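Throughout, protein chains are lettered first and strands after them, A, B, ... in sequence-line order, and every chain is numbered starting at 1. Since the model is a prediction, treat every value here as computed from it, not as a measurement.
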2 protein chains.
Amino acid sequence: MAATIRDVARASGVHVSTVSRTFSAPHLVNAETRNRVLAVAEDLGYRPNRAARALTTGRTHNIGLIVADISNPFFPPLIKAAQAQARARDYHVFVADTDEDPQVEEELIQTLAKQVDGVLLCSPRLSNRVIERLHAEVPFVVVNRRVKGMPTILMDVGQGARLAIEHLTGLGHHRIALLSGPSGSWTSGEMRAAAAEMDGVELVILGPNAPTERGGLAVAEEVIASGVTGVLAYNDLVAIGLIEGLYERGVRVPDDISVVGVDDIVAGRLNRPKLTSVAMPTAAAGRMAVDLLLQSFDEGATPTLATLDTHLVVRESTDRAALFPRG
Amino acid sequence: MAATIRDVARASGVHVSTVSRTFSAPHLVNAETRNRVLAVAEDLGYRPNRAARALTTGRTHNIGLIVADISNPFFPPLIKAAQAQARARDYHVFVADTDEDPQVEEELIQTLAKQVDGVLLCSPRLSNRVIERLHAEVPFVVVNRRVKGMPTILMDVGQGARLAIEHLTGLGHHRIALLSGPSGSWTSGEMRAAAAEMDGVELVILGPNAPTERGGLAVAEEVIASGVTGVLAYNDLVAIGLIEGLYERGVRVPDDISVVGVDDIVAGRLNRPKLTSVAMPTAAAGRMAVDLLLQSFDEGATPTLATLDTHLVVRESTDRAALFPRG
DNA sequence: ATGTTTCATGCAACCGGTTGCAGCCCCTGA
DNA sequence: TCAGGGGCTGCAACCGGTTGCATGAAACAT
């Protein structure tokens, strides 16, 4: 089938080690020899087998990227940024989706462990304990989850939640619902903690909810029953689903209830009403995650913790509370 | 570091080949020995290194899945279905994104070639010539592109385009714009060909357009200038962007112009107006793609061509043409 | 008691690369 | 003339597994 290093060696009359060096340490081989080998390799369509190389070097030059749900539009910008950054560093990214299933997540990490140099865990659903155990098999960078002793990238969603709630109270909303996410979600906990310590707010916690528009649709009834005038949803998908559900029940946004999402995904911008949302620095997180991971290979570097700021994008889904003076 | 097969062999007092067989051909080893080896392996946290195994067996049990743009919501259902199907067959899927760049696509295939047993090419942007050349290095299944001699899955988008146009003409639209996609897109060509041979339609072709809402936004001005009353967009994202662009210019959908998208993505269902769209059997395509690929490993099987039907989902973005009798 | 199977295991080569070490050649300087 | 050193290449072991073949023991048939 495909030409191997020995085919090239034979055809160019040198030893395999010389061919090997031609590709992995060119400065060690005479220019003339090198050119001959390269010509033969080109001719035979030879390409070094990265997997075989990894066997001796211990470096695959691949990194794994595990996300909970690839169809959640929150992830693609992060994935793309990570891929671009990795490519620039001569690495490749393999993406895998766990379907929000911790079991699958663990299995995936196990499989990936030997085929990549490190793994980016984005919004993992596994428990910290399991993550720490798996860490023995492969280096991690964790995104949106705090695990001690591991390089971590956090998006400051607590700050985002505060901004969102301040925005709502500023508009006269005082009874506010917080739609929480999946039970394993660190993000959800952060939002809840941040919201709980704010003054002048009657907080109603509803959930856990699936982090999808379906989750938002399903909770609409409860939101109405709770008598709130403002809602902070776990993410934009939930917010969009909720708005849809409210709409079906004759409750209008933002006239009757104001809704804030999180993530600032494209669909929110195209939604009607356009969604007010907490914007997450996903692309920056993707780039930084790759850099942190590569960095962790080189040195016995101490694990870094990076916290990235979020900000609020005000659009049309929030407005003054109904009983609040309009003028 | 991680335990190897030799560590296990030493600790359990057998030869490495026995350990190897314990995992890859258990029936060849005595039950008692097997249990002892398994216990030791468990104890040491040993897991077979799939990459090393692949070196001799030639089977990685991985498959690659290459898409043009992971942030296009058309792909995730396909990806998820492929992953689920692969898992059921004891295979794993690595996803990679080409950013719509043929150069990147080729490079990615080259890299993946040795690390997977086969590759699913979804809506590739490479030319058939290049695809055929690369086929020497790794088995393919091609989705939404016709390449001779290769297992192929097509979604019958020509039929979908006909359904959409019939729907529009039935509503009294006779001057219809077709917003084409990227220049390398097979899908786009099929739509165009199908549309061109329909009677009673004045077809205006606009494009190529980027297959994103941005692409739709950008072409809005041209659509208005063309004087059409009906539009068939390359996909839902383009349709959504177009509707947004028309809206900004005071043109209303479906009152002034009717718009049909393709793919039936979730965002289209949440859009206002809800999008009329040609639904693609993406999940079925993902499952079938995996099966076709695995099948192509086993036998010297002749490459199959599967064509999957599409159907039209009518929602709110299409209505009677303005001059068409309403009653 | 002997020949034949069957079962379980060990041996060693191999997959496609990498790399420390040794050896050769040639150039330099004393 | 010869020691020393640099540049280039070959040798062979190694990475972590798999597998065809040989071996040995036990079980069975004759």
Open item on the list: Based on the rotation axes of five pairs at each end, what angle does the helix from C:dA1-D:dT30 to C:dA30-D:dT1 bend through, to 10°?
Closed with: 50°
Task: Whether B:D99 side chain and B:D101 backbone form a donor-acceptor pair below 3.5 Å - done: no
Open item on the list: Could you measure the distance from the OG atom of B:S296 to the CZ atom of B:F140? Nearest 0.5 Å is fine.
Closed with: 11.0 Å
TODO: Any chance you could measure B:T22, atom OG1, to B:L28, atom CG, to the nearest 0.5 Å?
DONE: 10.0 Å
Task: Stepwise side chain to side chain contact (heavy atoms under 4.5 Å, CB included) check, A:V143 with A:M288 - done: CA-CA 10 Å; A:V143 179; A:M288 194 171 290; over 6 Å; no
- [ ] Check whether any side-chain N or O of B:S24 sits under 3.5 Å from a backbone N or O of B:S20 as a donor-acceptor pair, and report yes or no.
- [x] yes
Task: A:Q115 side chain to A:N62 side chain, donor-acceptor N/O pair below 3.5 angstrom - done: no
Task: Test side-chain hydrogen bond (donor to acceptor under 3.5 Å, both in side chains) applied to A:H61 - qualifying residues, sequence neighbours left out - done: none
TODO: Using atom types as modelled and distance alone, determine if a side-chain donor or acceptor of B:D43 lies under 3.5 Å from a backbone N or O of B:A39.
DONE: no
Task: OG1 on B:T187 to CE on B:M155, rounded to 0.5 Å - done: 8.0 Å
Open item on the list: I'd like the 5' and 3' limits of the part of DNA chain D contacted by chain B, with heavy-atom contacts below 4.0 Å.
Closed with: D:dG16 to D:dG20
- [ ] Please work out which residues in residues 55-62 of chain A have a non-hydrogen atom less than 4.0 Å from an atom of DNA chain C and list them by number.
- [x] A:L55, A:T56, A:T57
Task: Side chain A:S12, main chain A:V8, donor-acceptor under 3.5 Å - done: yes
- [ ] Could you tell me whether A:R6 contacts a base, only the sugar-phosphate backbone, or nothing, with contacts defined as non-hydrogen atoms closer than 4.0 Å?
- [x] base
- [ ] Compute whether any side-chain donor of one residue and acceptor of the other, for B:N128 and B:R145, lie under 3.5 angstrom apart.
- [x] yes
TODO: Measure the CG-SG distance between B:N72 and B:C122 for me, rounded to the nearest 0.5 Å.
DONE: 11.5 Å
Task: Residue pair B:E137, B:I109: steps toward the side chain to side chain contact (heavy atoms under 4.5 Å, CB included) verdict - done: CA-CA 9 Å; B:E137 303 192 25; B:I109 293 173; over 6 Å; no
TODO: Could you identify which residues of residues 27-39 of chain A place a heavy atom less than 4.0 Å from some atom of DNA chain D, listed by residue number, or say none?
DONE: A:L28, A:V29, A:N30, A:T33
- [ ] Output yes when a side-chain donor or acceptor of A:T57 lies under 3.5 Å from a complementary backbone atom of A:R53, and no otherwise.
- [x] yes
Open item on the list: For B:E106, is there an ion pair with B:R125 - N to carboxylate O distance below 4.0 angstrom?
Closed with: no
TODO: Can you sort out which residues in residues 10-23 of chain A have a heavy atom within less than 4.0 Å of DNA chain D? Ascending by number, please.
DONE: A:V14, A:H15, A:S17, A:T18, A:R21
